[in-house]
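Just so it is clear: chains get the letters A, B, ... in the order the sequence lines come, proteins before strands, and each one is counted from 1. Side chains are part of it too, since the values below use all heavy atoms of this structure and drop only hydrogens, waters and symmetry mates.
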2 protein chains.
Amino acid sequence: MGGPTGDDLVEMLAALANPIRLRIVATLASRRDYVSQLAREIGVSRPLLHMHLRRLEAAGLITGRLELSDDGKAMKYYEVTDFDLHLTASAVAEAAQTLTMPDSGKGPAPKEST
Amino acid sequence: MGGPTGDDLVEMLAALANPIRLRIVATLASRRDYVSQLAREIGVSRPLLHMHLRRLEAAGLITGRLELSDDGKAMKYYEVTDFDLHLTASAVAEAAQTLTMPDSGKGPAPKEST
DNA sequence: TTCACGTGTCATCTTTTTCTTACACGTGAA
DNA sequence: TTCACGTGTAAGAAAAAGATGACACGTGAA
């Protein structure tokens, strides 16, 4: 039972549930890369890539750090983390127990009269 | 390398990346259930639950079949499938190769002049 | 018939994601 | 200075997802 909490799991799954972000992780899996170069390889604009990178980093799937190149430019390099998610029905059932519910459970069940 | 295709993976992940749907899978993991009862237990309206169930079934994570109860009512019972997703950076990298791209790769890379 | 319970769908509204365009800043080289 | 390349962010349009309410249909029991 070392899995992530329900909320964290949802965030990780949501982060991976997108073609572009899947591609970002796939690209970074082979070698780390900096933002502009990554944008060119994947074929998306930098602002868009920036947004996707933030989502992936917030979910803990990648990490980025700013470095200075030889010619003095500030480059932000990203790389993947060693995430390892094993998804089965029982794993999901366990994580779901730690889900932060909006308010259900205390509120009255949705009325369904005619 | 028996994993799902990139598109299928995205669909499965998107299906699980939601608190309510996570709860549905968790509930069905212990015992199968029919729609109205499930809606009461989870605390959502039937139309909403119906939509989430469709998404989960489309992703292949649950299956439903219509049965007739003793008192002649048509009940739709759902249960979880034996899905087993192992998510690592390399697994993602492999699945990403079979992603159906909108059009990138052929289209001109996003211009970024000025 | 009317009620309670089961099924499903459609139209609509609200919220969130996704994406583009435009801007700002910094550095090294021509 | 101007250009090329790197960084980041903010505003707004477009698209998708989430959620609700009102329907319609069927059956058994009061």
If a stem is a run of at least 3 consecutive Watson-Crick or G-U pairs, both distances under 3.5 Å, which stems include DNA chain D? C:1-30 with D:1-30
Heavy-atom distance under 4.5 Å between the side chains of L56(B) and L28(B), does that happen here? no
For residues M75(B) and V35(B): do they belong to one hydrophobic cluster (side chain heavy atoms under 4.5 Å, members Ile, Leu, Val, Met, Phe, Trp, Tyr)? no
Spell out, as yes or no, whether a donor-acceptor pair under 3.5 Å connects the side chain of E57(B) to the backbone of G64(B). yes
Tabulated below should be each protein N or O lying under 3.5 Å from an N or O of nucleotides 25-28 of chain C; please produce it.
none

Closer than 4.0 Å, any side-chain N/O of Y34(B) to the OP1 or OP2 of dT7(C)? no
For the atom pair NZ (K76(A)) and CG (L38(A)), what is the distance rounded to the nearest 0.5 Å? 13.0 Å
Report yes if the side chains of L49(A) and Y78(A) come closer than 4.5 Å at any heavy-atom pair, otherwise no. no
Examine distances only and state if a side-chain atom of T5(A) and a backbone atom of T98(A) form a donor-acceptor pair shorter than 3.5 Å. no
Output a table of nitrogen or oxygen pairs between the protein and nucleotides 10-20 of chain C separated by less than 3.5 Å.
from	atom 1	to	atom 2	distance (Å)
dT18(C)	OP1	N18(A)	ND2	3.3
dT18(C)	OP1	R21(A)	NH2	3.3
dT18(C)	OP2	R21(A)	NH1	3.2
dT18(C)	OP2	R55(A)	NE	3.2
dC19(C)	OP2	H52(A)	NE2	3.1

Shortest side-chain distance from H50(B), nucleotide among dT7(C), dT9(C), dG6(D): dT9(C)
To the nearest 0.5 Å, atom CG of N18(B) lies from atom CZ of R23(B) at 12.0 Å
Just say parallel, tilted or perpendicular for the rings of Y34(A) and Y77(A), cut-offs at 30° and 60°. perpendicular
Pairwise side-chain contact, V92(B) with V80(A), heavy-atom cut-off 4.5 Å (strictly under): no
May I ask you to evaluate whether S69(A) reaches the phosphate of dG6(D), defined as a side-chain N or O under 4.0 Å from OP1 or OP2? no
What is the distance, to the nearest angstrom, from the CG atom on L53(B) to the C1' atom on dG6(C)? 15 Å
Between the side chains of S69(B) and D71(B), does any donor sit under 3.5 Å from an acceptor? yes
Are the side chains of R21(B) and L16(B) in contact, using a 4.5 Å heavy-atom criterion? no
Within this structure, what is the CG-to-P distance between L49(B) and dG8(C), rounded to whole angstrom? 10 Å
Separation of dA24(C) P from R46(A) CZ (nearest whole Å): 15 Å
